[in-house]
Amino acid sequence: MDIALYIIFGISVVALAVLFFFVLKGAKKKTGGFQKEIKAPKVKKPEKSREEKAREKAELKAAMKVKRAEWKAEDKIFDDKCKANIVEFKKEVKEKKPRYLELKKAYHETVKSKKNDQAIIDEYVAYSKEYERLLQKLRIEKDRISLIKKVDRWSKRGGKLRREIFVKRQYYYLVAPYTILFFIFTVLPVLMSLVLSFTNFNLLEFPDWVGWDNYMQLFVNDKVFIIALRNTALLAVVTGPLSYIMAFVFAWLINELKPLLRSFMTLIFYAPSISGNVYLIWKLIFSSDIYGYANAYLIQFGIIDEPITWLQDSTYIIWILIIVQLWLSLGVSFLSFIAGLQSVDRIYYEAGAIDGIKNRWQELWYITLPQMKSQLLFGAVMQITSSLSVAAVSINIAGFPSIEYAGHTIITHLMDFGNLRMEMGYASAIATILFIIMIVANMLVRKILRRIGS
């Protein structure tokens, strides 16, 4: 068993090293220097004073008010004219309808009896054309004052965004069901949680407004929250960037393989993130007796003399959680990187080689990464979310609560107050803090990703 493990580990290391070597060596070197695009410096316009801005704003509001009044008067004249035409056309239709029905009846009787009276047929055809033309005019006038036409006029008089929304309204109709559900089940609960964070709410009584007391309690008196905040920050700082880099590097290496082998390797690397009861294996590896794999190998190599209580010692728990989280981190972001690398057009690499791209690193920085910024942003958001919301790993490996709260995170603290103690106001305050941390982290990552390729 031990020999088999050593062989598998050695083969894996050698295969990754060889693959990495061939990927870096794969690009052909071209002569010539790669020059960055030099942009002309922007000339700053002189800033206007506050009084000038206020005066321009007031003038713009006055002009818009006058223009709206003109539009309103024009619309009233137009609508009145259309309504008068509708009344007139309805009157004509009412007058001509009996004669039309009479000729129609005579025409059908003629056709049915096979007499083919040409005079009746000609009169019916001429009169029906005139009658249909009158009905068409009536429909046109009704359409001119319909709601759609009014919205069309309103959109034309607005900005570019308003006009674009009206022109592409069919797409918004299709998106509307999802938008409504997203607002009801995502946006609305977030807003409600933000409001409840300023209350004392236990699900049985009406919420009691307490203001900033929950937040003061969190940062002043709740020592466990400070521990959870520190553990979450450590997990996010270590596992977030490392897992993000690992996901991209492995995706970059696997992308160079042949299609069949690439699919197999993608499955191998993605499999840990969808494993079911994988925590049992890690608990077996870090078991506190001599039968745990970690203790057995360390004793065998003479590094330790007695078993280490891995999951009962607060010193080791957080580092074990980091190892397990990293092992599980090649998930959706890894797949998005694979898809992004596959979508980069090979023409860009050929053009870059002509322009002076000398090696794979320049090719990666100036061509590959800028072409897959959307996938990079998606992967960053997913990794930030997963690294800041570690809970299942901590509960299954370290227990709930863990020894001396060594594996306690913000999510487990939230579960403690929300699911067990039913203190929803306090739990909402914890959730709000986590939400703000995620927003700030996402904004920082967006700012960093904008510099790619520069």
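Values below: all heavy atoms of this structure, side chains included; hydrogens, waters and symmetry mates excluded. All residue numbers refer to positions in the sequence shown, counting from 1.
- With sequence neighbours left out, the salt bridge (charged side-chain N to carboxylate O under 4.0 Å, His left out) criterion links Glu70 to Lys67.
- Listed for the Asn396 side chain is a donor-acceptor partner under 3.5 Å among the backbone atoms of Ala392.
- Applying the salt bridge (charged side-chain N to carboxylate O under 4.0 Å, His left out) test to Lys150 and every residue at least two apart in sequence or in another chain returns nothing.
- Contact annotation: the side chain of Ile410 never approaches that of Leu388 to less than 4.5 Å [non-hydrogen atoms, C-beta and beyond].
- Within the 4.5 Å cutoff, no side-chain heavy atoms of Ile308 are placed close to those of Asp313.
- Among residues two or more places apart in sequence or in another chain, the ring pair (Phe, Tyr, Trp, His ring centres under 6.0 Å) test is passed with Phe198 by Trp209, Trp212, Tyr215.
- Val238 and Pro241 get closest at one heavy-atom pair: O-CD, 4.0 Å.
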For residues 54-62, which side-chain N or O atoms pair as donor and acceptor with protein atoms under 3.5 Å away, sequence neighbours left out?
| from | atom 1 | to | atom 2 | distance (Å) |
| --- | --- | --- | --- | --- |
| Glu56 | OE1 | Lys48 | NZ | 3.2 |
| Glu56 | OE2 | Lys48 | NZ | 2.7 |

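- Although no hydrogens or angles enter the test, the distance criterion places no donor-acceptor pair under 3.5 Å between the side chain of Ser394 and the main chain of Ala391.
- For residues 224-248, every residue pair satisfying the side-chain hydrogen bond (donor to acceptor under 3.5 Å, both in side chains) rule, not counting sequence neighbours, is listed here: Ser243-Gln383.
- Distance alone, capped at 3.5 Å, places no donor-acceptor pair between the Ser287 side chain and the Leu284 backbone.
- At least one side-chain heavy atom of Thr266 sits less than 4.5 Å from a side-chain heavy atom of Arg262.
- Within 6.0 Å of CZ on Phe78 lie more than 12 heavy atoms contributed by other residues, nucleotides or ligands.
- Atoms CG and CG, on Leu253 and Leu341 in that order, are 10.0 Å from each other to the nearest 0.5 Å.
- Smallest separation of non-hydrogen atoms from Ile384 and Ser387: O-OG, 3.1 Å.
- Checked options Phe378, Phe248, Trp252; the residue passing with Phe337 is Phe248 (criterion: ring pair (Phe, Tyr, Trp, His ring centres under 6.0 Å)).
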- Task: Would you check, one step at a time, whether the test side chain to side chain contact (heavy atoms under 4.5 Å, CB included) holds for Trp282 with Trp327?
- Result: CA-CA 10 Å; Trp282 287 102; Trp327 189 74; 3.5 Å; yes
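- Among all heavy-atom pairs drawn from Pro177 and Leu174, the shortest one is CD-O, 3.3 Å.
- Rounded to the nearest 0.5 Å, atoms CD (Glu141) and NZ (Lys83) are 13.0 Å apart.
- Nearest approach of Met246 to Leu330, heavy atoms of both residues: C-CD2, 3.9 Å.
- Separating the CG atom in Asp416 from the CZ atom in Phe400 is a distance of 4.5 Å, to the nearest 0.5 Å.
- Remark: Ile367 CD1 to Leu369 CG distance equals 10.5 Å, nearest 0.5 Å.
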- Item | Candidate pair Val324 and Leu321, rule side chain to side chain contact (heavy atoms under 4.5 Å, CB included), full reasoning | CA-CA 5 Å; Val324 179; Leu321 295 182; 5.8 Å; no
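- No more than 12 heavy atoms of other residues, nucleotides or ligands sit less than 6.0 Å from atom CD1 of Ile347.
- Under 3.5 Å, the side chains of Asn295 and Trp310 contain a donor-acceptor pair of N or O atoms.
- For the atom pair Ile145 CD1 and Leu147 CG, the distance stands at 11.5 Å (nearest 0.5 Å).
- The two residues Ile290 and Ala296 come nearest to each other via the heavy atoms O-CB, 3.6 Å.
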Only pairs under 3.5 Å count here: list side-chain donor-acceptor contacts from residues 426-446, not counting sequence neighbours, and write none if there are none.
| from | atom 1 | to | atom 2 | distance (Å) |
| --- | --- | --- | --- | --- |
| Tyr426 | OH | Asp222 | OD2 | 2.6 |
| Ser428 | OG | Met424 | O | 2.7 |
| Thr432 | OG1 | Ser428 | O | 2.8 |
| Asn442 | ND2 | Met438 | O | 3.1 |

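- For residues 286-309, there are no salt bridge (Lys or Arg N to Asp or Glu O under 4.0 Å) pairs, not counting sequence neighbours.
- A distance-only check finds no donor-acceptor pair linking the side chain of Ser402 to the backbone of Gly399 [under 3.5 Å].
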- Verdict with supporting geometry, Ser343 and Gln375, side chain to side chain contact (heavy atoms under 4.5 Å, CB included): CA-CA 10 Å; Ser343 64; Gln375 288 85 4; 4.3 Å; yes
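- Summarising the geometry of Ser288 relative to Pro307, their closest heavy-atom pair is O-CB, 3.3 Å, with the distance given to 0.1 Å.
- Taking Ile140 as the reference, Gln136, Arg144 meet the side chain to side chain contact (heavy atoms under 4.5 Å, CB included) condition, with sequence neighbours excluded.
- Asp143 CG to Leu138 CG: the interatomic distance, rounded to the nearest 0.5 Å, is 11.5 Å.
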List the atom pairs, donor and acceptor, that lie under 3.5 Å between side-chain atoms in residues 181-193 and the rest of the protein, sequence neighbours left out.
none

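- The main-chain N or O of Met216 is never found under 3.5 Å from a side-chain atom of Asn221 such that the two would form a donor-acceptor pair.
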- Task: Decide side chain to side chain contact (heavy atoms under 4.5 Å, CB included) for Phe334 and Ile254; before the verdict, give the C-alpha distance in whole Å, the side-chain angles of both, and the deciding distance to 0.1 Å.
- Result: CA-CA 11 Å; Phe334 170 70; Ile254 291 171; 3.7 Å; yes
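- With sequence neighbours left out, Phe89 forms a ring pair (Phe, Tyr, Trp, His ring centres under 6.0 Å) with no residue at all.
- For Tyr172, the ring pair (Phe, Tyr, Trp, His ring centres under 6.0 Å) criterion is met by no residue, not counting sequence neighbours.
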Taking distance alone, no hydrogens or angles, what donor-acceptor pairs closer than 3.5 Å link side-chain atoms of residues 160-167 to residues at least two apart or in another chain?
| from | atom 1 | to | atom 2 | distance (Å) |
| --- | --- | --- | --- | --- |
| Arg162 | NH1 | Trp154 | O | 3.0 |
| Arg163 | NH1 | Asp152 | OD1 | 2.5 |
| Arg163 | NH1 | Ser155 | OG | 2.9 |
| Glu164 | OE2 | Lys168 | NZ | 3.3 |

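- Test Arg153, Lys72, Lys142 against Asp79 for salt bridge (Lys or Arg N to Asp or Glu O under 4.0 Å) and you get one pass: Arg153.
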